[in-house]
Amino acid sequence: MAVLFGLSCPLATARAGDELVVADQKGQQKALLDAAGVDRDLPYRIRWTEFEAAAPLLQALGAGAVDTGIAGDGPFLFAWGSGLPVKAAFLLPPRGGGRATAVVVAAGSAIHDAAGLSGKRIATGRGSIGHLLLLRLIQSGAIPPPAPRIVFLTPAQAKAALDAGNLDAWSTWEPYVSLEVLRGHGHVVVDGGGLLPGNSFFVANQAALAHKRAQLADFYRRVTRAYAWGHAHLADYAAILARQTGLPDDVALAVAEKQIAAPVPLDHHVVAQEQATLDSYRKAGLVSGTDALATAFDESLAAP
């Protein structure tokens with residue numbers, strides 16, 4: 001594996017009083033670092049902030065309220081394409097080829113395939129990975145005309161509306177997929193396998209990349225070690241995730257099994273892979289920027 005930039009020497013620029021503000025979703029990253037024990041003896045302080053979904057996380061990144069955080073490729077490119085000063089700095093490749101994103105329906109629904117979503121009311125977050133899945137299903141013809149009516153809601157709002165029978169389906173991601181299936185007794189209609197790259201990225205804003213490079217490089221190194229620990233100790237990680245986030249034990253284990261991968265530095269192959277993601281947003285008229293896709297990525301935190 002490549003060596004992270006700046007890690008061959010002490011963190012000379014990372015003083016004990018320095019702070020790295022890290023955005024999290026459902027406490028998953030904090031739980032993993034705590035479980036692996038890699039957040040000890042830090043030469044800087046980590047301040048965690050919690051977000052329900054990637055969209056507000058990326059807005060906070062763009063505003064400079066946080067330094068780095070994890071987001072799926074869809075919401076990241078939607079945010080970048082909308083002009084936010086953020087870049088992907090490290091890759092978290094998928095396990096299962098995009099299957100952690102799915103369209104789910106409530107218990108008893110008669111919808112069992114993508115064609116059955118035609119003309120239905122489906123909730124998702126604007127610019128989210130769930131939104132991207134719907135766009136790809138529509139653009140590929142898997143959902144035939146008439147197109148579904150997409151209702152933009154937060155995860156909490158979408159779950160409440162689905163449970164109340166006010167929606168036909170919900171295009172979402174983990175841990176919400178497993179919550180609906182395992183606890184709500186709903187079922188998956190279609191997932192992103194074969195349709196989405198399924199990549200996630202550790203995203204940083206341009207100010208952090210300019211002024212906190214040593215801290216970012218060290219943090220990504222620790223995250224890589226944490227994911228390696230999690231892969232080898234799925235049950236232990238799931239138990240800690242459940243305890244720290246309040247997720248039911250079976251949901252936490254399902255999330256761990258789907259999302260524990262091996263973070264790696266970025267390379268040009270990833271950039272090429274994500275062109276289809278950006279093209280989907282542009283084709284739908286949701287992103288108007290014309291900057292080259294390569295400018296959305298910062299590969300300089302890894303040295304060959």
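All values below come from the heavy atoms of this structure, side chains included, with hydrogens, waters and symmetry mates left out. By convention here, the first residue in the shown sequence is residue 1.
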Exercise for review: Determine whether I150 and L134 make a side-chain contact, defined as any pair of heavy atoms from C-beta on separated by less than 4.5 Å.
Suggested key: yes
Exercise for review: Kindly say whether A36 contributes a backbone atom to a donor-acceptor pair with the side chain of Y237 at under 3.5 angstrom?
Suggested key: no
Check your understanding: If Ile, Leu, Val, Met, Phe, Trp and Tyr residues are connected whenever their side-chain heavy atoms lie under 4.5 Å apart, and connections chain through other members, are I240 and V38 in the same group?
Key -> no
Practice item. Look up atom CD1 in I129 and atom CH2 in W173, then write down how far apart they are to the nearest 0.5 Å. Key: 9.0 Å
Point to revise | Within-4.5 Å side-chain heavy-atom neighbours: Q28 and Q244 | key: no
Review point. How about D250: does its CG atom have over 12 heavy atoms from other parts shown lying under 6.0 Å from it?
Key: yes
Check your understanding: Side chains of R47 and V22: closer than 4.5 Å at any heavy-atom pair?
Key -> no
Review point. Going through the checks in order, is the side chain to side chain contact (heavy atoms under 4.5 Å, CB included) test met by D39 and R222?
Key: CA-CA 7 Å; D39 57 350; R222 291 172 187 269; over 6 Å; no
Study note, to complete from the structure: Rounded to the nearest 0.5 angstrom, the NZ-CG distance for K159 and L153 is 13.5 Å
Practice item. Might you point out which heavy atoms bring A156 and E52 nearest each other, and give the distance in Å? Key: N-OE2, 2.9 Å
Review point. Under 30°, 30 to 60°, or over 60°: which ring-plane class applies to H233 and W229, parallel, tilted or perpendicular?
Key: parallel
Point to revise | Stepwise side chain to side chain contact (heavy atoms under 4.5 Å, CB included) test for R183 and V251 | key: CA-CA 8 Å; R183 290 289 156 153; V251 173; 3.9 Å; yes
Study note, to complete from the structure: Note: A71 and Q25 closest approach over all heavy atoms is CA-NE2, 4.4 Å
**Study point:** Side-chain touch W170/I122, heavy atoms, less than 4.5 angstrom
**Key:** no
Point to revise | L253-Y176 co-clustered via ILVMFWY side chain contacts under 4.5 Å | key: no
Review point. So, the side chain of H187 versus the backbone of I111: is there a donor-acceptor pair under 3.5 Å, distance only?
Key: yes
Check your understanding: How far does CG of N166 sit from CD of Q157, to the nearest 0.5 angstrom?
Key -> 12.0 Å
Review point. Side chains of S128 and F78: closer than 4.5 Å at any heavy-atom pair?
Key: no
Practice item. State, yes or no, whether a side-chain contact exists between L132 and L196 at a heavy-atom distance under 4.5 Å. Key: yes
Exercise for review: Classify the side-chain pair Y227/Q29 by whether it contains a donor and acceptor separated by less than 3.5 Å.
Suggested key: yes
Review point. Can you name the closest pair of heavy atoms from A142 and P144 and give their distance?
Key: O-CD, 3.4 Å
Practice item. Spell out, as yes or no, whether a donor-acceptor pair under 3.5 Å connects the side chain of R45 to the backbone of E19. Key: no
Point to revise | Shortest non-hydrogen contact from A169 toward V103 | key: CB-CG1, 3.7 Å
Check your understanding: Centroid-to-centroid, F201 to F297, below 6.0 Å?
Key -> yes
**Study point:** Derivation and outcome, side chain to side chain contact (heavy atoms under 4.5 Å, CB included), residues L216 and T68
**Key:** CA-CA 8 Å; L216 288 172; T68 190; 3.8 Å; yes
Practice item. Start with the C-alpha gap between N199 and Q273, add the side-chain angles, then the distance that decides, and say whether side chain to side chain contact (heavy atoms under 4.5 Å, CB included) holds. Key: CA-CA 9 Å; N199 292 323; Q273 186 182 47; 2.7 Å; yes
Review point. Going from NZ on K283 to CG on L278, what distance comes out if it is rounded to the nearest 0.5 angstrom?
Key: 13.5 Å
Practice item. Could you tell me whether K30 and D24 make a salt bridge, using a distance below 4.0 angstrom between a side-chain N and a carboxylate O? Key: no
Check your understanding: Can any side-chain N or O of S118 pair as donor or acceptor with the backbone N or O of I143 at less than 3.5 Å?
Key -> no
Practice item. Give a yes or no answer on whether the side chain of D73 reaches the backbone of T277 with a donor-acceptor pair at less than 3.5 Å. Key: no
Check your understanding: Do the side chain of S200 and the main chain of L92 share a donor and acceptor less than 3.5 angstrom apart?
Key -> no
Check your understanding: Does V270 offer a backbone N or O that forms a donor-acceptor pair with the side chain of D267 under 3.5 Å?
Key -> yes
Exercise for review: Indicate whether the side chain of R213 and that of S300 have a donor and an acceptor atom separated by less than 3.5 Å.
Suggested key: yes
Point to revise | Inter-residue atom distance E180.CD - H185.NE2, 0.5 Å rounding | key: 10.0 Å
Review point. Distance-only, no hydrogens or angles: does the S178 side chain make a donor-acceptor pair with backbone N or O of P175 under 3.5 Å?
Key: no
Check your understanding: Roughly how far apart are S280 OG and Q139 CD, rounded to 0.5 Å?
Key -> 4.5 Å
Review point. If you take all heavy atoms of V86 and W80, which pair is closest and at what distance?
Key: O-CD1, 3.5 Å
Practice item. Kindly work out whether a path of hydrophobic side-chain contacts (I/L/V/M/F/W/Y, heavy atoms less than 4.5 Å apart) joins F90 to V21. Key: yes
Practice item. Assign the ring pair F202 / Y220 to parallel, tilted or perpendicular, where the plane angle (0 to 90°) is split at 30° and 60°. Key: tilted
Review point. Below 4.5 Å, heavy atoms only, C-beta onward: do V188 and V177 meet side chain to side chain?
Key: yes
Practice item. Side-chain contact test, heavy atoms from C-beta onward, threshold under 4.5 Å: evaluate it for T172 versus T124 and give yes or no. Key: no
Point to revise | Flag, side chain of E174 to backbone of K258, donor-acceptor distance under 3.5 Å | key: no
Review point. Shortest non-hydrogen contact from A23 to L57?
Key: CB-CG, 3.4 Å
